[in-house]
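Down below is the structure, laid out as structure tokens.
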Amino acid sequence: MSSRRRVFVTGQGFVSPAGASYGAIESFLAEGRSCVRRVDPLTAAYGLHTRLASPVEDFDDASFPRQWRRSMSRISLMAAEATRRAIADARLSEDVVRHHRTGVSYGSTMGGTSAIEKCFRSMTSSNGLDGFLSTTFLQIMSHTCAANLAIAMGIRGRLLASCTACASSLQAVGLGYETIKHGLADVFFCGGAEELHPMMIGVFDTMKATSTANNDSPARASKPFDVQRDGLVVGEGAGTLVLEDAESAQRRGATLLAEVVGFSTGSDGGHMTNPSAEAMERVMREALADAGLSPEDVSFVNAHATATPVGDLAESRAIHALFGTKTPVNSLKGALGHLMGACGVVELGACLGMLERNRILHTLNLETPDPESAPLDHVMGAPRGAPVEVVLKNSFGFGGVNASLVLKKVAK
Amino acid sequence: MNNPSKDEILSRVNGLFVELFETPPEKLVPEALLFQDLSLDSLDAIDLVVSFERVFKIRPPHAEIRAIRTLQDVHELVLRYCNEESTMGDLSVVPAEATPASRVAN
């Protein structure tokens with residue numbers, strides 16, 4: 001019988017539009033800065049209505065070894081760099097990385113979209129497989145991030161690939177937590193990634209879910225929970241958290257950044273894209289129950305809230321049902337945009353910063369909460385200084401996939 | 001049909017190593033061992049063979065491909081089958097990139 005073990009975050013690394021570490025990301029967001037840019041070559045050139053995205057602007061994928069690049073599209077290269085940073089941050093030895101009780105849990109919406117496009121262009125132009133190399137499939141397969149990380153880093157424990165759209169990386173962290181909690185692993189690299197591509201933007205643009213009203217004012221475009229919100233902004237990035245069993249962390253003198261104390265995930269069982277407030281609420285309750293905590297114990301809720309009319313409305317009802325107006329709520333997508341498969345883990349990174357600095361970041365561009373939504377204690381205008389002990393973080397993905405995770409500050 | 005000369009063929013073979021595997025040209029000496037000296041592995045070997053088909057329009061038998069150890073072995077194999085199957089045409093066909101697809105933007 002496995003006993004329940006305590007699980008800590010002992011390392012982190014990111015490749016994101018807001019920075020490469022949890023501290024940098026939190027600082028960027030605290031300053032009220034925006035990652036949203038006008039990117040006509042990725043939008044107007046394809047006839048899309050939005051002109052906006054949140055790109056990672058300083059990532060040089062040519063700097064990696066050839067053996068990595070041949071099987072890694074940009075998505076996996078970002079994941080690999082985020083993981084390299086996390087390993088360094090956690091001060092993990094090679095012995096620990098390569099131990100059979102060290103696993104990887106990594107997700108993304110899709111495999112490498114740029115490689116997928118190249119592959120199918122070649123097929124349609126040549127009517128054959130002339131464009132295929134031995135590594136073509138490795139770049140486009142859905143578990144490309146997890147598999148490439150395992151090979152590149154020498155990871156020999158469990159490999160989990162939670163490819164669940166926008167819930168991918170939060171699920172990845174939650175699944176890693178559960179695996180360690182139940183004694184099946186000691187260390188896990190958890191996170192997610194997504195690369196920017198017109199198709200990814202086009203998916204939401206086709207559904208009229210992208211922001212189009214502020215194409216000329218990119219920083220003002222993404223407005224989670226706001227009465228004038230008109231859709232999301234698609235972005236890219238990668239993030240890796242090192243999760244570790246308490247004993248393993250103590251044995252090697254690891255720095256404890258936070259404790260993962262609760263997680264749950266479930267499905268709407270209804271519509272593919274229209275969310276269920278009831279299902280969202282249930283997953284939040286279950287995550288808190290897993291943590292042995294009550295809503296009153298939560299310092300703030302970091303919402304998924306993508307600035308779509310329908311999604312934010314449902315989530316507001318779910319949060320209100322649990323927390324009323326007593327608990328601060330924020331969404332980081334006003335500033336970050338929606339990083340798709342990477343959103344959960346990058347936003348968790350910001351949550352680590354908020355836990356450390358005792359301030360709750362505001363929802364950028366939220367000025368007038370939608371009166372149709374359930375009332376919440378929105379953090380608006382500027383970060384709010386407050387003791388931060390427990391964070392509940394949500395991510396919801398296409399297919400009605402819901403995930404909630406609870407982080408707790410480590411007592412000094 | 002004007003077939004390429006021997007030197008053109010060998011130059012193209014060496015060019016494939018640079019294009020597909022980013023091999024430094026100075027390492028492309030006849031006695032170079034593919035796996036030990038040029039750092040190729042089994043996946044690279046597959047792509048090398050695929051490039052033979054694409055660029056030289058040749059399909060050597062698997063047994064002969066498996067016997068390859070050095071760059072000189074590659075040269076001799078390609079020359080042997082190029083002479084037997086003289087339908088190469090244009091050697092400037094560019095093989096599919098081994099490196100990731102460049103970003104769509106710009």
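Within the 4.5 angstrom heavy-atom criterion, only side-chain atoms of B:I46, from C-beta onward, approach chain A. When heavy atoms are compared at a cutoff of 4.5 Å, A:E195 does not approach chain B at all.
B:D47 contributes no side-chain N or O that, together with a main-chain N or O of A:L133, makes up a donor-acceptor pair within less than 3.5 Å. Side chain of A:R66 to backbone of B:F21: a donor-acceptor contact under 3.5 angstrom is found.
Atom CZ of A:F120 has 12 or fewer neighbouring heavy atoms from other residues, nucleotides or ligands inside a 6.0 Å radius. No more than 12 heavy atoms of other residues, nucleotides or ligands shown are found within 6.0 angstrom of NE2 on A:H49. Remark: A:E94 CD is loosely packed, at most 12 non-hydrogen atoms of other residues, nucleotides or ligands lying under 6.0 Å away.
With values rounded to the nearest 0.5 angstrom, A:S134 atom OG is found 10.5 Å from B:L48 atom CG.
When all heavy atoms are compared, the tightest approach of B:D44 to A:R70 is OD1-NH1, 2.8 Å.
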